[in-house]
Structure formats: structure tokens, C-alpha cells
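Read the structure below first, then the notes.
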Number of protein chains: 2
Amino acid sequence: MNMETIAENQKVRTAKKLEKMFGHIDYKHPPELCPVRDVMSVASDQWSTLIILWLGYFPVLRFNKLKKFVYGISNKVLSQRLKVLEADGYISRKAYAEVPIRVEYRLTDFGQTYVEKLLELTEWMQSNSPKVLANREKFGLL
Amino acid sequence: MNMETIAENQKVRTAKKLEKMFGHIDYKHPPELCPVRDVMSVASDQWSTLIILWLGYFPVLRFNKLKKFVYGISNKVLSQRLKVLEADGYISRKAYAEVPIRVEYRLTDFGQTYVEKLLELTEWMQSNSPKVLANREKFGLL
DNA sequence: CCGCATCCTCTCGGATACTG
DNA sequence: CAGTATCCGAGAGGATGCGG
């Protein structure tokens, strides 16, 4: 069995899985709310992924620390994302009634399983980014 | 070795990988352009992922077919995304000089490797969406 | 220290109509 | 059929200041 056949088989397997996921949907009368789209829109959000990755790196982080690592994010967006991520069960929030107040964020067990999946994708991005950037340049499109 | 230790080891491995990726960045003087952020912003875009997944399902799709499957997307956004995905090397575009014109989109080999990664994440989303939705409901937040 | 409230900008994206 | 052009509205998100 040569390389082409292996790749071809992989292609078929992928298509089969996708058929299982999407094959049933009637695109003439699409579902109002698609759970996958819904969940993805939170979990795969640009800022959310960065937050989750950093919490996978450091077991516990406070608001301002997080803001430094996820550089470029604003107060507003950070707290929004944190709230949603907490609601969806990826992270936990623990506030200590001190003055000044101290708040700790960490991944839940569920969030931990997610960060592992997410990391795989990020590693792919990392190792393939040169190729993508090269493609982009060659293509021109400015 | 019990379950907790296994999970704990996994956690440590994940953190180590993330340290390798992010450990070097000086968050006081963050890089202007982060390649990973850049590449992710294209590839992990909500619409782009759907386009890529459908092209992983059907080897070749034309513009309007794609628009039906990726329901809810507008003309403008679809053609924008297609152009960028082509520039980044995920998909190929082939136009036939017929009347009316016919255009075929398909994954490149590179795009094929990406859709496989992406599929893993999507499967995770799919199987965990009930849990997330339940979390969300319990949490309130309306 | 955490993060909400306010304001204000500005980009993204939807709808529609039109052309090669 | 496969887009492009144009217009327009909504809402995301940045900056800042305040309050608990």
C-alpha cells in the first residue's frame, strides 16, 4: 500500500465522519439553533481560546495577570469572556473577600479536557504558520 | 497508578507544551504580529471552519451549493472567506469558461490535513455540547 | 484589585441589485 | 452562475472613570 492510498483512505474516513455529523441536516430548512455552532462560537472565539490556553499553562491566574498575558484584550472583553466561559463550564471563578479584592480563575476539569484538544490545534497552527504565511505572500492579495 | 495521577500527569504534559509555545513571550513588550494569532484568526473563523468542513465532506463544491450548506452565510462573506482561504492555501478554486460560468472549490492537500485536525475539535464540540448547554442553563446568565 | 458603566468609534456583515 | 458594488444598520469592542 503506497502513500497515496493511505492518504486516500484517510480522506474517505474523514468524509464519513463528516457525513455522520452533517449528513442529516436538511439545508433547505436549516435548524434554528445548531448546538455545535453555538458551542463553537464561544469556545473557539479568538480571545476565549487565548484565555483558556493561558489557564492551561498556569493553573491559577488573577484578572490582571490574565490581562497581561492575553495582551491586547480590553477590560470589558476580558470580563465578558470570563463570564461566558464560566457559564459554559470551562473555568471557575473564586473571589476572596479581602481588600483589595482577589479573584482567581482556573480551568475546571471539563475545561482541562478542552484545553488539551485546543492545544493540538494550536500546535498545528504553530508548526504550519510559516507555510500559511508563505502561501499568503505568494498569492499576493495584500 | 490511579486515575487522579494519570489526569495529573496529563495536566503537567499540557502545561509543559504550552510553556514551550508561550513561555518565551515577553508580555510586557508583546510582539506586534503573532503568527499563531494571525493564522488562527483566518482558519478558526466561524464561517471558514464551516466552509472547510463541508469541503471535507464533499470533495468538490460550487459557490451556490456551498452557500446552501453553510446556511446563513451571505454572498459577500462567503466570497471573502473563500478568497482568504485560497490565499492561505487551504482551498483551490477552478473556474470554467462556460456560460453560465462554473466554479469549483475543493480542499488542497494542505487543507485536507487541516480539516482532519478541525474535525477532531468539532467532534469534541458535538459530543460535549449537551454538557455545555446544561452548564449554561444551570448557570443562568440568560 | 476587580470589573462594571458609559460613551463613542468603527468595522463587520446583511440585503439588494447589478454585471460578465 | 458566480460573484461585485453599494448602502446601511447593528453591535462588537476600545478608552476611561468610577465604585465596591
Which whole-number value in Å describes the distance from [X] [atom1] to [N] [atom2]?
X       : N     : atom1 : atom2 : result
B:Ile91 : D:dA2 : CD1   : P     : 14 Å
B:Asn64 : D:dG3 : CG    : P     : 9 Å
A:Glu86 : C:dC2 : CD    : C1'   : 14 Å
B:Tyr96 : D:dG3 : OH    : P     : 13 Å
B:Leu61 : D:dG3 : CG    : C1'   : 17 Å

Problem set entry | End axis versus end axis in the helix from C:dC1-D:dG20 to C:dG20-D:dC1, the angle rounded to 10°, five pairs used at each terminus |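 End axes: 50° apart.
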For this session: Give a yes/no answer on whether the side chain of A:Arg62 brings an N or O atom under 4.0 Å of OP1 or OP2 in C:dC1.
Result: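 It does not, given that no N or O in the side chain of A:Arg62 lies less than 4.0 Å from OP1 or OP2 of C:dC1.
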Problem set entry | B:Tyr105 side-chain N/O to D:dG3 phosphate OP1/OP2 under 4.0 Å |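 Yes, B:Tyr105 has a side-chain N/O under 4.0 Å of OP1/OP2 on D:dG3.
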Problem set entry | ring-ring contact (aromatic ring centres under 6.0 Å, His included) partners for B:Trp124, two or more places apart |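 Partners of B:Trp124 by the ring-ring contact (aromatic ring centres under 6.0 Å, His included) criterion, ordered by chain and then number, come out as A:Phe110, A:Tyr114.
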Exercise. Can you list the residues that meet the ring-ring contact (aromatic ring centres under 6.0 Å, His included) rule with B:Trp54, with sequence neighbours excluded?
Worked result: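 Per chain and number, B:Trp54 pairs via ring-ring contact (aromatic ring centres under 6.0 Å, His included) with A:Phe22, B:Tyr57, B:Phe69.
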Exercise. For residues 98-111 of chain A, which residue pairs qualify under side-chain hydrogen bond (donor to acceptor under 3.5 Å, both in side chains), counting only residues two or more places apart or in two chains?
Worked result: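 Pairs touching residues 98-111 of chain A that pass the test: A:Arg93-A:Tyr105, A:Tyr96-A:Glu104, A:Glu98-A:Arg102, A:Arg102-A:Glu104, A:Glu104-A:Arg106.
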Exercise. Under the salt bridge (Lys or Arg N to Asp or Glu O under 4.0 Å) test, which residues partner A:Lys67, sequence neighbours left out?
Worked result: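 Here no residue qualifies.
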Problem set entry | B/S/- contact track for nucleotides 4-20 of chain C, protein heavy atom under 4.0 Å | B--B-----BB--B--B
